[in-house]
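Step one of this worksheet: look at the structure below.
Atoms within a ligand are numbered from 1 in the order they appear, just like the ligands themselves. Excluded from the calculations below are hydrogen atoms, water molecules and symmetry mates; all remaining heavy atoms, backbone and side chain alike, are included. FYI, the numbering just counts along the sequence from 1.
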Amino acid sequence: MGSNPTEGTTHHCPVPASGGTTGQPRGDVSEGYEISESTRRPAGHMTPDEFRRYGREVVDWIADYYERIESFPVLAQVEPGAIRAALPAAPPEHGEPFDAVLRDLDEVILPGITHWQHPSFFAYFPANASGPAILGDLLASGLGVQGMLWATSPAATELETHVLDWFAELLGLPDRFRSDGSDGRGGGVIQSTASDAALVALLAALHRVSGGRTEPDGVGSGRYAVYTSGQTHSSVEKACRIAGLGSGALRKIDVDARTLSARPEHLRELIARDVAEGRTPALVVASVGATGTGAVDPVAELAAIAHEHGAWLHVDAAWAGVAAVVPELRWLNDGVEAADSYCTNPHKWLLTNFDCDAFYVADRGALVEALSILPEYLRNAATESGAVIDYRDWQVPLGRRFRALKLWAVIRWYGADGLRAHIRRHVGLAQDFAAWVGSDERFELVAPHPLALVTFRLRAGDDATRALMERVNASGRAYLTHTSVDGHVALRVAVGSPATEHRHVAALWELLRTQA
Ligand code: PLP
């Protein structure tokens with residue numbers, strides 16, 4: 001938007017094409033510069049009135065979408081290339097009214113949407129959206145600020161620091177992760193994703209174990225090793241690749257056959273072997289709620305072994321961590337007080353639109369030293385005073401959106417009791433579902449399911465299990481995904497959409513039972 005001299009008219013894009021018919025700029029000469037018509041007038045920006053009108057239409061569109069979401073097949077039923085084929089080959093030469101965008105949203109885009117907010121979406125892990133988060137995000141877009149430095153928008157930094165301290169309190173995380181913690185060294189930051197969190201944890205770990213040498217010298221070949229259970233998310237391997245260690249630096253810790261959590265004795269063996277061969281253990285990643293099965297690693301034991309060798313312990317609690325808002329699930333934080341860093345994603349299961357990963361460090365020094373480069377154009381008095389946080393030093397990109405607004409909006413709208421109710425409801429629904437699966441002898445549960453993820457398979461074998469999933473997904477009535485446990489296919493049902501009710505989980509079971 002910009003102030004528009006044609007204010008009061010509703011016609012969009014009032015600007016005549018630059019150059020008229022001759023192709024020459026029409027304009028006058030001012031202080032030696034030729035000012036064209038299109039330079040003097042805003043380039044067809046949406047006026048405040050147009051923005052108001054279309055903004056209301058968009059909010060109505062979203063509200064209608066949520067009201068009719070159950071009428072759509074959960075999984076998009078289009079063939080590859082179908083959406084592109086319905087789009088014009090070339091961009092428009094002249095601006096179009098926003099109604100045209102909304103019309104195409106219905107006609108072209110919606111058929112290609114897999115409805116993540118559908119109450120029968122049970123695939124992957126959820127990616128919660130909620131009214132307050134959407135509005136918070138819209139406000140962030142409206143303000144359009146860049147919070148890379150404290151000085152570039154002090155409120156963006158200070159709200160983020162404050163909300164992450166609130167969030168640590170809501171989850172019962174240790175004091176050492178808070179920016180106002182007793183030793184004053186910790187703190188939280190919003191990363192885009194848990195994958196970013198794993199990467200910056202690795203960079204901080206490399207900084208610490210190398211005594212700061214990895215920044216000027218790089219990581220060399222085969223010098224450092226990283227450890228994580230075979231159940232851990234692939235983001236850790238990706239972090240190794242991005243950091244230049246390569247996938248070959250990653251060691252997979254064996255898991256316990258029953259709990260599927262990392263075996264500390266095996267970590268000890270892996271580290272001993274690396275040390276004997278001259279490699280430095282840099283990072284151990286413990287999962288709290290592994291992607292495939294929801295397995296929870298013994299954080300304290302893994303941390304003790306990591307620290308014996310100077311390695312960094314990062315906890316990836318991307319999906320499960322937020323469940324610690326519920327006091328009876330605080331066991332999820334067992335051992336976290338020994339971690340160097342921790343992350344969980346409000347954008348998965350806590351009502352906050354993507355992207356919002358809450359990442360905490362116990363000692364921000366290693367992180368900031370690993371990532372800080374201060375070119376002249378970013379120098380400013382606040383940074384040099386040392387009295388402020390500049391979040392650009394806590395993440396990979398320089399720029400950053402004002403994501404704290406949506407988390408702030410969510411926490412204020414729901415309150416701690418609303419967040420607890422959200423988690424408890426899903427855990428209860430998942431327990432009902434697991435009981436049904438457990439009572440049908442054709443099925444078997446393959447992993448513990450204390451939260452809202454149930455992993456199970458058909459005893460008839462891999463082909464039958466996979467075929468069952470394909471039939472369910474093709475029906476459009478529910479969507480679930482699979483994983484591999486003990487080398488065999490298993491299905492995952494992750495209950496987590498804000499709209500999911502008992503009847504949706506019951507309908508899923510009915511579908512599975514009759515299709516099996
Ligand atoms: N870690 C775990 C345990 C996950 O389950 C996932 C995704 O499901 C990730 C990391 C990656 O999440 P993100 O998309 O935030 O990088």
Which residue holds the protein heavy atom closest to [atom], what is that atom called, and what is the gap in Å?
{"atom": "atom 11 (C) of ligand 1", "value": "His233 CE1, 3.3 Å"}
{"atom": "atom 14 (O) of ligand 1", "value": "Lys348 NZ, 3.9 Å"}
{"atom": "atom 5 (O) of ligand 1", "value": "Thr291 OG1, 2.8 Å"}
{"atom": "atom 1 (N) of ligand 1", "value": "Asp316 OD2, 2.6 Å"}
{"atom": "atom 16 (O) of ligand 1", "value": "Ser195 OG, 2.6 Å"}

**Complete:** Residue set satisfying salt bridge (charged side-chain N to carboxylate O under 4.0 Å, His left out) with Arg241, at least two apart, ordered chain then number -> Glu237

**Request:** Would you mind running through ligand 1 and noting each atom that sits below 4.0 Å from a heavy atom of His347?
**Result:** 15 (O)

**Message:** Distance under 4.0 Å to a non-hydrogen atom of Gly289: what atoms of ligand 1 satisfy this?
**Reply:** 3 (C)

Do we see a donor-acceptor contact under 3.5 Å between the side chains of [X] and [Y]?
{"X": "Ser341", "Y": "His314", "answer": "yes"}
{"X": "Asp274", "Y": "Tyr227", "answer": "yes"}
{"X": "Ser261", "Y": "Asp256", "answer": "no"}
{"X": "His422", "Y": "Asn128", "answer": "yes"}

**Request:** Evaluate the ring planes of Trp116 and Tyr124, with Trp represented by its six-membered ring, and classify them as parallel (under 30°), tilted (30 to 60°) or perpendicular (over 60°).
**Result:** parallel

**Asked** Hey, does the side chain of Ser153 reach the backbone of Ala155 with a donor-acceptor pair shorter than 3.5 angstrom?
**Response** no

**Nearest option to atom 15 (O) of ligand 1, as decided by whichever heavy atom of Ala198, Pro126, Ala194, Ala494 sits closest** = Ala194

**Prompt:** Are the side chains of Val285 and Leu202 in touch, meaning some heavy atoms are under 4.5 Å apart?
**Reply:** no

Within reach of ligand 1, part of [X] (heavy-atom separation under 4.0 Å):
{"X": "Phe125", "value": "side chain"}
{"X": "Thr193", "value": "both"}
{"X": "Asp357", "value": "neither"}

